[in-house]
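Within every chain, numbering begins at 1; the chains are lettered A, B, ... in the order of the sequence lines, protein sequences first and strands thereafter.
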There are 2 protein chains.
Amino acid sequence: MGWEGVRDEVLRRIRGRVWAPGDVIPGEEALAVEFGVARATVNRALRDLAEAGLLERRRKAGTRVALLPVRKATLEISIIRQEVEARGEVYGHRVLERRMEAVPLSVALRMGVAAGARLLFLETLHLAGGRPFAHEVRWLNIAVLPGGVVPDFAAVSANEWLVQNVAYATGDIEFSAELATAAEAAALGIRAGDPVFVTERATWTAEAPITFVRLLHGPGYRLRTMV
Amino acid sequence: MGWEGVRDEVLRRIRGRVWAPGDVIPGEEALAVEFGVARATVNRALRDLAEAGLLERRRKAGTRVALLPVRKATLEISIIRQEVEARGEVYGHRVLERRMEAVPLSVALRMGVAAGARLLFLETLHLAGGRPFAHEVRWLNIAVLPGGVVPDFAAVSANEWLVQNVAYATGDIEFSAELATAAEAAALGIRAGDPVFVTERATWTAEAPITFVRLLHGPGYRLRTMV
DNA sequence: CAGGTCCATATGTATATACATAATAGCGCC
DNA sequence: GGCGCTATTATGTATATACATATGGACCTG
C-alpha cells in the first residue's frame, strides 16, 4: 500500500465515522505498523488530508478529525482566452480605451498607490465567438513593466501579457453581484439594470502594485468549481 | 537550508526570470548538489511549487516553469455561522418553510434524482446581528440522514448539521449574479430588482445525492480570497 | 490555587538508499 | 521516411534512521 492507499483508507474511516469528527486518531507510528508501511508514508498521507482540511494536526497533541471541515474550493483563475477557448468558442478582444489617467480614490486604496497617481487606464472588451463575453476596466502601473516598454495590448490582451511578462507575488480577488450601468450594458450588449457578475482583482509584486482589474460578465455567466 | 528555503530560492529565480516561463530548470539531483541538500528535500520543494501551478513536472521530461501559470484561488467554504461570527456579529437563523415537496426539474437534474422525486424542502433566513444576511433554499434527500431521523433544524442550521452529521464525498459550487425576485427581496429586506449574489451548491456521498442549496446574498456582499 | 518549569511525546523535517514508473529520444527495422 | 521497440533518464515513491520542534501535561513552587 502506497501513500495514496493510506490516504484513501483513512478517508474511508473518516467518512464511515470509524473516526468521528473531533476524535484523535492513532499516531503515525501506530498507523505505520497497522498498514505495514514506513512512518514517512503515513506522514505523507495524513499531511495531504490535513491540507485538504479534513484533519487537524498539532505536534504532541496528535491528529484529529476536523470538527467543522472547512471545504476548500479551488478556483482556477485562467486567462480569459483560455476560458473562452475551453468553451469551444473563438476568442477575440478589443481595446476600447487606453490612456494615462489619475486613479480614482477607491482604486488607489485598493492598489496601495497614492491618491491621484497617474496610471495606465485600459478598457477592453473580451469576445467569445464575436459576441461580448466580458468587459474589463484596468489600471496598470507601467513602472513595473520590464524594459519600460508599454505594449498597446492589441495583439495580446493585458491579462495574458502580464501573466507572461510580469511575475507577481500576491494578489486578491473579490466577487460580487451588481447592476450594469448604461455604459457597461452598452459595451456588453445587455440592458442597463441587468445583473452583472463582477470580478475585481488586484496584484502586486514584492515591491510595487501591478494592476487592478474589474471584470464584468453579463447575465448567464457562472463561476463553477468542484469541491 | 530546509525544503522551504529551497522553495523560496526557486521561487525567487522564477520571479526574477533567472528561469523564464517555458524553461526547463536543472534536475533534482543537480539542485540538491547546488543547495547542499538531499534530493528528497528538493523534491518536496518542487512538488510544492508544482501543486501551486508555477512549475510543470513530467517524468523524464524534467521540470519547467509554467508558461501560463494557472493561479489557484482557494475559497474556504465555511458554514454561514462561522462567516457571520468572523465579522463580529451575532448569528441567528429562522426556518421559513419545511415540507416534503416534489423537486422542480432543474433541481432534479442538478442533483441527479428522478424528476418529481419528493425531497425535504427547506427555506431559511440566516441573520447577522438580527438583520437578514442570506436567504437559503434547500432540497434535502432525507434517505441519507443517519438513523432516518429528520431534525427540525431550528436549533442548528441544516448547513451546519449536515457538515457535522453527513460526511460527503463530492460536490460542486456555482456562483452567479441575479436579480432578486419580489419574494426574495422581501425575505432579505431589499428591493425587488436589486442584484443578488447567488451561490448554488450540490453535494453527494459516494452513493446518493445529499442536498442542493441555493444561497442568496444581497447587495454589498463580496466573496473574497487571496491568490 | 496560580503560575512557572521541565519533560515526554507526536508531528515535522532531513538524509541516503533503493526501486518504480513514465515518457522521450534514439535506434533499428521494414 | 515511417513505424515500433528499447534504453535511458528524471521524477515519483518507499524505507530506515536521525534529529528538530512544538506543546500538553505533569510537576514543582510561591
Side-chain angles (χ1 to χ4, degrees), chain A residues 1-14 18-70 72 74 76, chain B residues 1-14 18-70 72 74 76:
Chain A
M1 173 159 32
W3 74 269
E4 291 184 299
V6 173
R7 163 170 51 77
D8 293 348
E9 175 56 22
V10 171
L11 194 53
R12 207 187 58 75
R13 292 187 188 180
I14 294 172
V18 179
W19 296 327
D23 283 3
V24 173
I25 74 173
E28 294 186 347
E29 193 56 55
L31 290 176
V33 171
E34 184 195 336
F35 295 135
V37 299
R39 183 168 79 90
T41 305
V42 174
N43 181 282
R44 179 90 158 82
L46 298 188
R47 189 157 30 86
D48 200 65
L49 290 170
E51 274 167 22
L54 277 97
L55 291 177
E56 285 166 6
R57 321 195 72 199
R58 288 215 322 283
R59 279 169 164 150
K60 165 76 180 175
T63 301
R64 61 181 60 225
V65 180
L67 261 179
L68 296 173
V70 174
K72 288 176 182 156
T74 310
E76 303 212 336
Chain B
M1 172 159 34
W3 73 269
E4 291 183 300
V6 173
R7 162 170 52 71
D8 293 347
E9 173 58 21
V10 171
L11 193 53
R12 206 187 59 74
R13 293 187 188 181
I14 295 172
V18 178
W19 296 328
D23 283 4
V24 173
I25 75 173
E28 295 186 347
E29 194 56 56
L31 291 175
V33 171
E34 183 195 336
F35 295 135
V37 298
R39 184 169 79 88
T41 305
V42 173
N43 181 280
R44 179 91 158 80
L46 297 187
R47 188 156 33 87
D48 201 64
L49 290 169
E51 273 167 23
L54 276 96
L55 292 177
E56 284 167 6
R57 321 195 71 199
R58 288 215 323 281
R59 280 169 164 150
K60 165 75 180 174
T63 301
R64 59 181 61 224
V65 180
L67 262 178
L68 296 173
V70 174
K72 288 176 182 157
T74 308
E76 303 214 335

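- Under the side-chain contact (heavy atoms from CB on, under 4.5 Å) criterion, L11(A) pairs with R15(A), L49(A), L54(A), sequence neighbours left out.
- At a non-hydrogen distance threshold of 4.0 Å, G27(A), E28(A) from residues 25-38 of chain A come into contact with DNA chain C.
- Where DNA chain C meets chain B (any atom under 4.0 Å from a heavy atom), the bounding nucleotides read 5' to 3' are dT13(C) to dT24(C).
- Shown here are the salt bridge (charged side-chain N to carboxylate O under 4.0 Å, His left out) partners of E76(A), two or more places apart in sequence or in another chain: there are none.
- Take E29(B) and apply the salt bridge (charged side-chain N to carboxylate O under 4.0 Å, His left out) test, not counting sequence neighbours, and it matches no residue.
- When heavy atoms are screened at a 4.0 angstrom cut-off, R39(A) is found touching base atoms of the nucleic acid.
- If you take CG on L67(B) and CG on D23(B), they are separated by 9.0 Å, rounding to the nearest 0.5 Å.
- Every residue meeting the side-chain contact (heavy atoms from CB on, under 4.5 Å) condition with R58(A), not counting sequence neighbours, appears here in chain and number order: A61(A).
- Residues meeting the side-chain contact (heavy atoms from CB on, under 4.5 Å) test with E28(B), sequence neighbours left out: R39(B), V42(B), N43(B), L46(B), R57(B).
- You'll find the side chain of V37(A) reaches within 4.5 Å of the side chain of V6(A), heavy atoms only.
- R64(A) pairs by the side-chain contact (heavy atoms from CB on, under 4.5 Å) definition with V24(A), E56(A), not counting sequence neighbours.
- The structure places CD of E9(A) at 7.5 Å from CD of E34(A), a figure rounded to the nearest 0.5 Å.
- Here the straight-line distance linking atom CD1 of I25(B) with atom CG of L31(B) works out to 5.5 Å at 0.5 Å rounding.
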Using nucleotides 5-8 of chain D, report all nitrogen or oxygen pairs with the protein that are shorter than 3.5 Å.
none

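- Residues D48(B) and W3(B) have side chains in contact (heavy-atom distance under 4.5 Å, counting atoms from C-beta outward).
- Of all the residues in residues 2-12 of chain B, G2(B), W3(B) reach under 4.0 Å from DNA chain C with at least one non-hydrogen atom.
- Residues satisfying the salt bridge (charged side-chain N to carboxylate O under 4.0 Å, His left out) criterion with R59(B), sequence neighbours excluded, are absent altogether.
- R64(B) places its CZ atom 13 Å from the P atom of dA10(D), with the value rounded to the nearest Å.
- The salt bridge (charged side-chain N to carboxylate O under 4.0 Å, His left out) check on E51(A) picks up nothing, with sequence neighbours excluded.
- No hydrogens or angles were tested; on distance alone, nothing pairs the side chain of R59(A) with the base of dT23(D) as donor and acceptor under 3.5 Å.
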